[in-house]
Amino acid sequence: MSFQNENQKNTKFSNFDLLAQSIVEGFISGMHKSPFHGFSAEFAEHKMYNNGDSTRHIDWKLFAKTDKLYTKRFDEETNMRCHIILDLSSSMYYPCRKEHLDLEYNKVEFSALASAALLQILKKQRDAAGLSLYAKDYQFYAPEKGNERHFHMLFSKLQATTTTIPKQSTTKTYEVLHQIAEQMHRRSMLILFTDMFQSEMESKQLFEALRHLKYNKHELILFHVFDKKTEYDFDFSNTPKRFVDVETGASVDVFPKSVQESYTKALANYFNELKLKCDQYKINYVPADVREGFDKIMMTFFEKRHKFL
């Protein structure tokens with residue numbers, strides 16, 4: 001469970017924004033029939049015509065094909081503000097890909113790439129995007145803007161997270177969320193990528209911070225990022241292993257199979273409690289396995305954006 005060698009060059013993410021763009025294009029091309037029409041340069045999407053709507057934007061070509069009236073919603077009608085929040089605590093740099101050769105991305109790489117893919121969509125939609133990065137302290141904050149230079153800066157910040165060697169540190173996500181709540185005064189969509197490693201008391205404080213954001217009318221998506229194979233299923237060979245807490249340095253020696261059943265049961269209960277708590281506060285909770293790819297991230301975003309506007 002060690003980190004990558006500091007001198008090892010990571011060329012995988014050298015074309016970071018292009019890699020993110022390929023994720024978006026792969027998702028869009030894989031959708032056989034999408035209800036979302038946000039990638040046209042002419043207009044943002046169609047909506048059903050209702051009595052009283054202006055007839056000026058009726059799509060008559062579509063009427064000829066479907067015998068139904070639709071109007072075009074233009075970009076100025078569908079612009080929104082989105083702020084992405086990324087946890088850079090030590091635990092987010094797990095698993096080490098040198099030790100898990102079947103793994104394509106660790107948690108922070110997965111989250112950074114997913115964030116970059118969402119930024120590609122936001123840029124295309126002419127939405128305003130912002131970014132927050134935090135570990136033990138608030139490391140970076142950029143308010144929501146929509147210009148090309150701003151997006152380029154956000155891509156660079158995200159790319160840098162994939163090559164950073166983290167320091168051993170704990171996090172206080174709730175403190176960062178309270179700060180963001182105080183800084184953001186306009187209704188926005190907030191997207192949080194975190195692995196939710198925290199104590200019971202910190203979990204309670206986290207949901208208080210999330211309630212603070214909900215009170216300010218923000219729409220929240222919580223992507224709970226984890227490696228299902230090792231962190232949820234506890235799938236390790238049954239040889240003695242030393243497990244080290246990358247945030248505190250504490251360690252324990254154990255035969256994995258001897259604790260697997262009790263561990264997975266406890267973790268399943270924890271995941272279920274998180275979902276129930278998020279449902280209670282109307283927070284969109286999405287478990288995101290780093291081995292499953294990005295389709296769940298993309299689909300969740302499209303669905304929420306469609307409802308947000």
Side-chain angles (χ1 to χ4, degrees), residues 12-47 72-73 75 78-87 92 97 102-131 144 146 148 151-152 154-159 161-162 188-195 219-229 283-309:
K12 184 173 185 176
F13 302 99
S14 57
N15 295 313
F16 189 74
D17 54 342
L18 295 178
L19 183 57
Q21 182 64 39
S22 70
I23 292 170
V24 176
E25 291 173 352
F27 173 75
I28 296 299
S29 64
M31 297 173 69
H32 298 295
K33 184 178 180 182
S34 172
F36 310 106
H37 306 275
F39 282 78
S40 168
E42 180 186 354
F43 64 96
E45 59 186 22
H46 285 102
K47 67 174 182 178
K72 296 178 180 180
R73 296 180 64 188
D75 286 319
T78 58
N79 287 151
M80 74 168 191
R81 301 167 66 84
C82 180
H83 197 91
I84 298 173
I85 309 164
L86 180 54
D87 179 358
M92 286 288 287
R97 288 188 285 109
D102 60 333
L103 189 72
E104 191 168 6
Y105 307 111
N106 64 28
K107 289 184 287 187
V108 79
E109 291 167 348
F110 176 88
S111 301
L113 260 179
S115 299
L118 296 181
L119 287 179
Q120 290 283 4
I121 298 169
L122 291 164
K123 183 173 72 169
K124 183 71 174 179
Q125 298 287 81
R126 302 177 189 175
D127 293 327
L131 178 67
E144 301 74 42
E148 186 73 25
F151 275 100
H152 181 72
L154 299 185
F155 287 128
S156 296
K157 282 291 182 181
L158 286 171
Q159 182 175 6
T161 67
T162 65
S188 304
M189 179 184 291
L190 303 184
I191 300 175
L192 172 60
F193 288 91
T194 178
D195 57 8
E219 186 70 34
L220 298 179
I221 303 176
L222 170 56
F223 287 117
H224 181 183
V225 185
F226 64 104
D227 175 32
K228 184 176 185 298
K229 180 179 179 181
I283 297 165
N284 195 12
Y285 171 75
V286 183
D289 179 7
V290 297
R291 297 176 189 263
E292 285 189 348
F294 301 93
D295 283 3
K296 183 185 287 189
I297 308 293
M298 300 292 103
M299 182 57 74
T300 300
F301 173 78
F302 274 117
E303 289 176 348
K304 295 303 292 183
R305 186 186 187 280
H306 190 66
K307 296 175 182 178
F308 182 82
L309 297 169

Between [Y] and [X], is there a side-chain heavy-atom distance shorter than 4.5 Å?
{"X": "R291", "Y": "F110", "value": "no"}
{"X": "R305", "Y": "M80", "value": "yes"}
{"X": "F301", "Y": "L122", "value": "yes"}
{"X": "T194", "Y": "L222", "value": "yes"}
{"X": "S111", "Y": "D87", "value": "no"}
{"X": "E148", "Y": "K123", "value": "yes"}
{"X": "L190", "Y": "I221", "value": "no"}
{"X": "S22", "Y": "L19", "value": "yes"}

| task | With sequence neighbours excluded, tell me which residues meet ring-ring contact (aromatic ring centres under 6.0 Å, His included) with F193. | result |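 By the ring-ring contact (aromatic ring centres under 6.0 Å, His included) rule, F193 matches F223.
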Taking all non-hydrogen atoms of both residues into account, name the closest pair between [X] and [Y] and its distance.
{"X": "K107", "Y": "V225", "answer": "CD-O, 3.6 Å"}
{"X": "F151", "Y": "D127", "answer": "CZ-O, 3.6 Å"}
{"X": "A116", "Y": "A20", "answer": "CB-CB, 3.5 Å"}
{"X": "N106", "Y": "M92", "answer": "OD1-O, 4.1 Å"}
{"X": "C82", "Y": "I191", "answer": "SG-CD1, 3.7 Å"}
{"X": "F16", "Y": "F155", "answer": "CD2-O, 3.8 Å"}

| query | When the ring planes of H224 and Y285 are compared, do they come out parallel, tilted or perpendicular, using 30° and 60° as the limits? | reply |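 H224 and Y285: tilted rings.
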Let me confirm one number: the [atom1]-[atom2] distance from [X] to [Y], rounded to the nearest 0.5 Å.
{"X": "M189", "Y": "E144", "atom1": "CE", "atom2": "CD", "answer": "12.5 Å"}
{"X": "I84", "Y": "L119", "atom1": "CD1", "atom2": "CG", "answer": "4.0 Å"}
{"X": "I23", "Y": "I28", "atom1": "CD1", "atom2": "CD1", "answer": "12.5 Å"}

Just to verify, what does [X] make a side chain to side chain donor-acceptor pair (under 3.5 Å) with, not counting sequence neighbours?
{"X": "S188", "result": "none"}
{"X": "D17", "result": "none"}
{"X": "N284", "result": "none"}
{"X": "K229", "result": "D102"}

What pairs of donor and acceptor atoms, side-chain ones from residues 292-300 against any protein atom, are under 3.5 angstrom apart with sequence neighbours left out?
from, atom 1, to, atom 2, distance (Å)
K296, NZ, P287, O, 3.0
T300, OG1, K296, O, 2.8

| query | Can you check whether L158's main-chain N or O pairs, donor with acceptor, with T162's side chain at less than 3.5 Å? | reply |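 No, the answer is negative, given that no donor and acceptor are paired below the 3.5 Å cut-off.
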| query | Who pairs with L18 by side chain to side chain contact (heavy atoms under 4.5 Å, CB included), at least two apart in sequence or on another chain? | reply |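 Checked L18 against side chain to side chain contact (heavy atoms under 4.5 Å, CB included); matches are N15.
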